[in-house]
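What follows is one structure encoded as structure tokens, with my remarks underneath.
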Amino acid sequence: SQQGEEDPQALSIQEGENATMNCSYKTSINNLQWYRQNSGRGLVHLILIRSNEREKHSGRLRVTLDTSKKSSSLLITASRAADTASYFCATDPMIKAAGNKLTFGGGTRVLVKP
Amino acid sequence: EPEVTQTPSHQVTQMGQEVILRCVPISNHLYFYWYRQILGQKVEFLVSFYNNEISEKSEIFDDQFSVERPDGSNFTLKIRSTKLEDSAMYFCASSDGKRARYEQYFGPGTRLTVT
């Protein structure tokens, strides 16, 4: 599989439930970032976790990173209908480059039913 | 809150025509990027730009593509002779020079349709 693969590909939950999605990657990273994309719209930066961090919180979001397993998870607690979107992980590789490119996964489509 | 802006939001062009997509990055950012997303597919890196030159480019970014920072605020992507397969959403992004390896902030995208 390619760098940055999310699972599941799609998730349907009721409002108030938690949503968990996972991301796996292959190469060593400097950091991993999660983005949200509403249908046909731009990418909104949610949270960045550095390779030396294991867990990070931002509001209702909780991100974990396990560099030994090359995986990350995004948990959205107490979901709302407005959380309906696609969620992507993007990895920043551990290379010395003047401009770092992000490698995106295929995304998890989350549907939160009211 | 400062944001990346892109124009136009939607561009329709005929195959073989040249298009220029425009972006205004966040004003104190020094690193600029273009990505694209073909409908239903992953977001793909095209090119990064720093200090008035390309710092990295992908295999997609062939001779038909070019980038330019014509003034202190705009960052453009030109496709010289568009192909049907260039139809995609094109995203511009920028990041803080002090934190180049950190968050990249994306614009809302330009939907390019090549007919």
Side-chain angles (χ1 to χ4, degrees), chain A residues 1-7 9-10 23-53 56 58 61 63 65 85-109, chain B residues 1-6 9-10 23 25-26 29-61 67 75 88-97 99-111 113:
Chain A
S1 61
Q2 297 179 31
Q3 181 85 340
E5 292 292 334
E6 290 94 334
D7 86 274
Q9 290 187 336
C23 169
S24 61
Y25 58 92
K26 289 195 169 300
T27 62
S28 296
I29 60 170
N30 186 56
N31 64 68
L32 185 146
Q33 304 180 37
W34 284 91
Y35 288 83
R36 185 185 74 229
Q37 184 182 38
N38 290 82
S39 180
R41 309 291 290 277
L43 295 157
V44 175
H45 188 273
L46 293 177
I47 198 164
L48 177 150
I49 187 164
R50 297 185 180 85
S51 59
N52 62 351
E53 296 176 313
K56 204 160 181 180
S58 177
L61 305 179
V63 167
L65 179 65
S86 289
Y87 293 82
F88 296 88
C89 69
T91 52
D92 174 8
M94 182 78 75
I95 55 172
K96 291 186 188 297
N100 54 305
K101 66 178 185 184
L102 294 178
T103 300
F104 282 80
T108 293
R109 293 189 311 279
Chain B
E1 189 174 326
E3 57 184 20
V4 177
T5 59
Q6 289 185 243
S9 56
H10 191 188
C23 167
I26 294 172
H29 285 187
L30 299 177
Y31 291 80
F32 314 115
Y33 311 85
W34 284 101
Y35 292 80
R36 79 172 185 190
Q37 185 181 32
I38 294 171
L39 188 63
Q41 297 187 23
K42 295 182 181 184
V43 176
E44 302 172 290
F45 169 81
L46 292 178
V47 66
S48 58
F49 191 86
Y50 169 71
N51 201 25
N52 282 320
E53 60 182 21
I54 291 173
S55 47
E56 191 174 1
K57 60 183 180 180
S58 71
E59 293 172 355
I60 303 167
F61 195 87
V67 289
F75 180 51
M89 184 77 102
Y90 287 80
F91 294 106
C92 173
S94 68
S95 62
D96 186 320
R99 292 153 59 84
R101 303 202 71 88
Y102 298 161
E103 294 92 346
Q104 290 185 22
Y105 293 92
F106 283 74
T110 292
R111 182 172 298 284
T113 303

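Just so it is clear: chains get the letters A, B, ... in the order the sequence lines come, proteins before strands, and each one is counted from 1.
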- Kindly give the heavy-atom pair with the smallest separation between B:Gln37 and A:Phe88, and that separation in Å. NE2-CZ, 3.8 Å

- Over 60° means perpendicular and under 30° means parallel, so classify the ring planes of B:Tyr35 and A:Phe104, tilted if in between. perpendicular

- Results of side chain to side chain donor-acceptor pair (under 3.5 Å) for B:Trp34 - residues two or more places apart only: none

- Query: Does the pair A:Gln37 and B:Phe106 meet the rule for a side chain to side chain contact (heavy atoms under 4.5 Å, CB included), with working shown?
  - Reply: CA-CA 11 Å; A:Gln37 184 182 38; B:Phe106 283 74; over 6 Å; no

- Query: Taking all non-hydrogen atoms of both residues, which atom of A:Leu48 and which atom of B:Glu103 are closest, and how far apart?
  - Reply: CD1-N, 3.7 Å

- Item | Approximate separation, where rounding is to 0.5 Å, of A:Asp92 CG and B:Gln104 CD | 7.5 Å

- Message: Just verifying a value: how many Å separate B:Arg111 CZ and A:Arg41 CZ, rounded to the nearest 0.5 Å?
- Response: 11.0 Å

- Message: Can you tell me if B:Lys57 has over 12 outside heavy atoms packed within less than 6.0 Å of its NZ?
- Response: no

- side chain to side chain donor-acceptor pair (under 3.5 Å) filter on B:Thr5, not counting sequence neighbours, yields none

- Pairwise distance OH(B:Tyr105) to NE2(A:His45) - rounded to 0.5 angstrom: 6.0 Å

- Is the number of heavy atoms from other residues, nucleotides or ligands within 6.0 Å of CD (A:Glu53) greater than 12? yes

